[in-house]
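Down below is the structure, laid out as structure tokens.
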Amino acid sequence: MKNSLILLEKVFARYDKIIVLKNIDLEVFNGLIVVVGPNGSGKSTLFKIIAGLLKPIAGRVRVLNFDPFVEIDKVSKNIFYLPEKDVIPYNAYVDDVIDSLREIHDPGLVDQYIDLFELSKHMSKKVGELSQGFRRRLHLVEALSSNRKIILLDEPFRGLDTSSRTLASEAINYASRRDNCILVSSHIISRLDPNRVVVLEDGTIKYNGRIEDLKPEGCIILERGDEQIKVCGDELRNTDLSNYRIKTVIC
Ligand code: ADP
């Protein structure tokens with residue numbers, strides 16, 4: 001039987017007294033998985049648990065068959081976690097950042113992503129002088145060229161305009177393979193071509209499956225105030241979930 005790369009069983013997490021993930025069961029084998037859901041639904045918390053940064057209060061977590069809270073060294077060398085907020089120091093020069101990436105990752109792959117994300121003309125700038133979109137592109141170069149078995153991208157499209165988002169989606173599609181898994185959290189699926197979509201709301205998984213399997217009768221009903229919209233199958237790609245509540249998921 002094939003081993004899962006990530007396994008969560010009956011996982012609960014909380015900050016202070018508030019439970020933010022409830023009874024999460026999730027098994028990930030390979031390919032591209034998009035975790036979508038409104039703001040505050042628990043996407044970042046889920047990624048922090050997989051990265052071994054936040055210990056759940058209950059449940060079982062296995063990453064590459066290891067407990068990330070016990071055998072962190074075995075997990076950390078195989079996982080790359082890109083948090084929602086920028087982590088590359090603003091006072092560093094882009095070319096120094098790239099040089100250090102070339103030393104630790106496959107330099108050919110680093111250069112390939114620099115070309116793809118059109119970063120060459122910004123090499124002499126400081127990271128803090130880049131626009132938000134280009135800073136995100138630089139972080140994506142680091143994440144994707146790491147070539148790790150598990151790559152977690154928390155809101156990789158934040159601050160990207162439509163054309164950069166398309167570029168980033170294509171790069172992520174290209175980087176996901178049969179022997180790795182990439183998890184992307186986002187309000188919107190857009191141009192990503194995921195093997196699986198996980199819909200989170202209020203800390204619970206409302207749907208876990210293929211987009212195609214949500215149609216024609218399977219739909220997500222979203223509400224915002226008095227407004228209700230029905231999103232079926234592929235329409236989920238272009239619906240920004242950030243400001244909606246998920247009322248029902250009919251699979
Ligand atoms: P998402 O990534 O889907 O926006 P998060 O995982 O960031 O959701 O947040 C889930 C819930 O946990 C939200 O209600 C958020 O306000 C809360 N939360 C997140 N981080 C913290 C924290 N460090 N301390 C207290 N509450 C937090």
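Values in this document were obtained by computation on a predicted structure and should not be read as measured data. Basis for what follows: all heavy atoms, side chains included, without hydrogens, waters or symmetry-related copies. Numbering of ligands and ligand atoms starts at 1, following listing order.
Taken to the nearest 0.5 Å, the NZ atom of Lys43 stands 10.5 Å off from the CD atom of Glu201.
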Show the atom names and distances, to 0.1 Å, of all donor-acceptor pairs under 3.5 Å that link a side chain in residues 53-68 to residues at least two apart or in another chain.
{"unit_1": "Arg60", "atom_1": "NH1", "unit_2": "Glu9", "atom_2": "OE1", "d": "3.1"}
{"unit_1": "Asp67", "atom_1": "OD1", "unit_2": "Phe69", "atom_2": "N", "d": "2.8"}

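For atom 11 (C) of ligand 1, the nearest non-hydrogen atom from the set Ile19, Val36, Val20 belongs to Val20.
When Leu153, Ile50, Asp154 are each tested for a side chain to side chain contact (heavy atoms under 4.5 Å, CB included) with Leu183, only one passes: Ile50.
For Ser44, a nitrogen or oxygen atom sits less than 3.5 Å from a nitrogen or oxygen atom of ligand 1, counting backbone and side chain alike. Close N/O approach between Asp16 and ligand 1 is not found [any backbone or side-chain N/O within under 3.5 Å]. In terms of N/O distances under 3.5 Å, ligand 1 is not approached by Lys48. Ligand 1 has no N or O atom lying under 3.5 Å from any N or O atom of Asn39, backbone or side chain.
Taking a distance limit of 4.0 Å, we find that atom 15 (C) of ligand 1 is approached by no protein heavy atom. There is a protein heavy atom closer than 4.0 angstrom to atom 7 (O) of ligand 1.
Counting only N and O atoms by type, the side chains of Asp161 and Ser164 include a donor and acceptor under 3.5 Å apart.
Cation-pi contact between Arg135 and Tyr90: present, with separation from the ring centre below 6.0 Å and deviation from the ring axis of at most 45°.
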